[in-house]
S.K.: 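One structure follows; several queries about it will come next.
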Amino acid sequence: MSIKHWAKECVPIRMLYYGVKAAEIQRRKWALRPFLTAMKEHAAWTGRLPYPLRDRYHFQNRQKGQKKLCMILAGYKPDLWDSVFQRISRFLPEDIDVCVMTSGVERPKLMRLCEERGWSYLATRRNKLTRIQNLAIYLHPEAEYIYKLDEDMFITAGFFEGLYETYQRARRELSYEIAFAAPLIPVNGYGYVRILERCGLGEDWAQQFGSAVYTDGIHHHRAILEQAGAARYMWGETQPLLRDIDRLAQSLSQAAVPYTICPIRFSIGAILFSRAAWLDWGLFPVDWTVGMGLDEACIAHYCMFHGKAAIVSEITLAGHLAFGPQKDEMLKEFSEGRLNL
């Protein structure tokens, strides 16, 4: 038995490990309190930055002090950049500042892209996905609403306006506090079911992949996350209705019901949340890992354990290339021009 395996199986060691971990998490929460209070009161912070913000960084600041910020987590899928950023440029309203973020690496091509478009660029020394998002928000103090996009999200016309309007409408109409708003996303554990239902494709999907069920993609009905064939299907490999995301977006924008409430963990490749919510959940957590999925787990916990609602705009669409297990095959599909983008 290896030492690593023995340590995992040894009950006292596991208790000690998780006890120390829990104590450290609690210590950091207490240490964060003065900073959060200052930020909520719009007071200047002169102390040392708290752990979730503490890193060396390179910030090319071109913000215009807008009330809305779009931060884009990028740096590792260069084949997608031209298409993804061209769409963002085309559909971006004038009242949104943009900051492209690269965690643990600097990308000269992205620096040039940002300079050409008048966008900000942020790079951190350490690869901590949650910390760089915290820093981007902190460095844009005027931003009251934050769009967060991953570099494999292909937005469509009206994305920014539709998401913001849905967020505000849900606030007015619902007896909920809103955690975030998100678009319909075809390759997504919630969005794929909604789109199949609205396009009348549930039975066709079921014949190939089993029942279409809302899922986190981890604990049950994992096809939408694991199988490249499922991603190809949602990109319209066999169904013309799904083949053109711009045409699909136009069709979905006519929905009689403008939003739904997502009751499960949501994959947050494209979301809109408020600065107030970010402070309320205590910033994105940062641990000893790269932080893959840590922001998503934080928001899911915030929704379920703090009585907040996740709103999905039924009139707004963003295409997601693929989840991790599908990535290599879907990148090949993209590079060989088999996706209609």
Side-chain angles (χ1 to χ4, degrees), residues 150 152-159 162-163 166 169-170 174 176 180-271 296 299-300 303-304 309-327 329-330 333-334 338-341:
D150 287 342
D152 60 355
M153 302 299 301
F154 299 84
I155 68 167
T156 59
F159 169 84
L163 214 50
T166 299
R169 181 170 178 175
L174 298 178
Y176 285 100
F180 67 89
L184 283 176
I185 305 170
V187 184
N188 172 276
Y190 181 84
Y192 92 104
V193 180
R194 293 296 303 132
I195 290 170
L196 290 173
E197 289 175 346
R198 291 180 61 183
C199 293
L201 296 173
E203 290 187 8
D204 186 63
W205 168 277
Q207 290 175 5
Q208 300 180 59
F209 305 105
S211 299
V213 175
Y214 298 113
T215 177
D216 61 359
I218 301 169
H219 296 93
H220 61 87
H221 295 84
R222 295 190 292 268
I224 189 61
L225 181 140
E226 293 182 346
Q227 295 184 28
R232 291 198 306 270
Y233 182 97
M234 296 308 297
W235 276 100
E237 181 180 51
T238 61
Q239 289 296 336
L241 277 173
L242 304 175
R243 195 164 296 154
D244 186 324
I245 65 168
D246 296 298
R247 188 174 297 173
L248 179 62
Q250 178 62 32
S251 174
L252 295 174
S253 69
Q254 309 303 313
V257 178
Y259 57 79
T260 51
I261 299 172
C262 175
I264 61 171
R265 176 170 173 166
F266 189 91
S267 179
I268 57 170
I271 63 169
E296 183 179 302
I299 292 179
C303 289
M304 292 296 106
I311 304 299
V312 176
S313 173
E314 296 275 325
I315 59 172
T316 312
L317 181 75
H320 174 213
L321 181 75
F323 287 108
Q326 306 157 332
K327 182 187 70 173
E329 188 164 336
M330 292 309 295
E333 292 283 310
F334 175 84
R338 286 195 285 272
L339 304 185
N340 189 12
L341 289 165

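Heavy-atom basis, side chains included; hydrogens, waters and symmetry copies ignored. Since the structure is predicted, the reported quantities are computational estimates derived from the model, not experimental observations.
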S.K.: Check Arg338, Arg232, Arg243 against Glu237 for a salt bridge (Lys or Arg N to Asp or Glu O under 4.0 Å) and give me the one that passes.
M.R.: Arg232
S.K.: Where do Ser313 and Thr166 come nearest, in terms of heavy atoms and distance?
M.R.: OG-OG1, 3.0 Å
S.K.: Hey, mind stepping through Leu242 and Cys199 against side chain to side chain contact (heavy atoms under 4.5 Å, CB included) and telling me if it holds?
M.R.: CA-CA 9 Å; Leu242 304 175; Cys199 293; 4.2 Å; yes
S.K.: Which residues pass the side-chain contact (heavy atoms from CB on, under 4.5 Å) test with Ala249, sequence neighbours left out?
M.R.: Thr156, Leu317
S.K.: Hey, is CZ on Arg198 packed in by over 12 heavy atoms from elsewhere, all under 6.0 Å?
M.R.: yes
S.K.: Of all the heavy-atom pairs spanning Met330 and Ala228, show the shortest one and how long it is.
M.R.: SD-O, 4.1 Å
S.K.: Please enumerate all residues that pass side-chain contact (heavy atoms from CB on, under 4.5 Å) together with Ala300, with sequence neighbours excluded.
M.R.: Arg265
S.K.: What pair of heavy atoms forms the shortest contact from Val312 to Pro183, and how long is it?
M.R.: CG1-O, 3.8 Å
S.K.: What pairs with Asp246 under salt bridge (charged side-chain N to carboxylate O under 4.0 Å, His left out), at least two apart in sequence or on another chain?
M.R.: Arg87
S.K.: Within the structure provided, determine whether Glu314 and Leu252 are in side-chain contact (heavy-atom separation under 4.5 Å).
M.R.: no
S.K.: Closer than 3.5 angstrom, by distance alone: can the side chain of Trp235 be matched with the main-chain N or O of Leu321 as a donor-acceptor pair?
M.R.: yes
S.K.: Which heavy atom in Tyr190 sits nearest to a heavy atom in Ile261, and how many Å separate them?
M.R.: OH-O, 3.7 Å
S.K.: Between CD1 of Ile195 and CG of Leu248, what distance do you get to the nearest 0.5 Å?
M.R.: 6.0 Å
S.K.: Could you please spell out the steps behind the side chain to side chain contact (heavy atoms under 4.5 Å, CB included) verdict for Phe209 and His221?
M.R.: CA-CA 9 Å; Phe209 305 105; His221 295 84; over 6 Å; no
S.K.: Would you kindly say whether Tyr192 and Thr215 are connected by a side-chain donor-acceptor distance under 3.5 Å?
M.R.: no
S.K.: Please determine whether side chain to side chain contact (heavy atoms under 4.5 Å, CB included) holds for the pair Tyr214 and Cys262, giving the CA-CA distance in whole Å, both sets of side-chain angles, and the decisive distance to 0.1 Å.
M.R.: CA-CA 9 Å; Tyr214 298 113; Cys262 175; over 6 Å; no
S.K.: With a 4.5 Å cut-off on side-chain heavy atoms, are Arg169 and Ile311 touching?
M.R.: no
S.K.: Using atom types as modelled and distance alone, determine if a side-chain donor or acceptor of Asp150 lies under 3.5 Å from a backbone N or O of Met153.
M.R.: no
S.K.: Would you call Phe323 and Ser267 a side-chain contact if the rule is heavy atoms closer than 4.5 Å?
M.R.: yes
S.K.: I need the minimum non-hydrogen distance between His220 and Asp216, along with the two atoms involved.
M.R.: N-OD1, 4.4 Å
S.K.: Sequence neighbours left out, what pairs pass side-chain hydrogen bond (donor to acceptor under 3.5 Å, both in side chains) with at least one residue falling in residues 317-327?
M.R.: Asp152-His320
S.K.: If the condition is side-chain contact (heavy atoms from CB on, under 4.5 Å), which residues does Ile268 pass it with, not counting sequence neighbours?
M.R.: Lys148, Phe266, Ile271, Asp295, Glu296, Ile299
S.K.: Could you walk me through whether Met234 and Ile224 satisfy the side chain to side chain contact (heavy atoms under 4.5 Å, CB included) test, starting with their C-alpha distance in whole Å, then the side-chain angles of each, then the deciding distance to 0.1 Å, before giving a yes or no?
M.R.: CA-CA 9 Å; Met234 296 308 297; Ile224 189 61; 3.9 Å; yes
S.K.: Taking side-chain contact (heavy atoms from CB on, under 4.5 Å) as the definition, give me every residue that meets it alongside Ser251, ordered by chain and number, with sequence neighbours left out.
M.R.: none
S.K.: Side chain of Trp205, backbone of Leu196: donor and acceptor closer than 3.5 Å?
M.R.: no
S.K.: How many angstroms lie between CD1 in Ile245 and CG in Leu339, if you round to the nearest 0.5 Å?
M.R.: 9.5 Å
S.K.: Indicate the atoms forming the closest heavy-atom contact of Tyr233 with Gln208, along with that distance.
M.R.: CE1-NE2, 3.4 Å
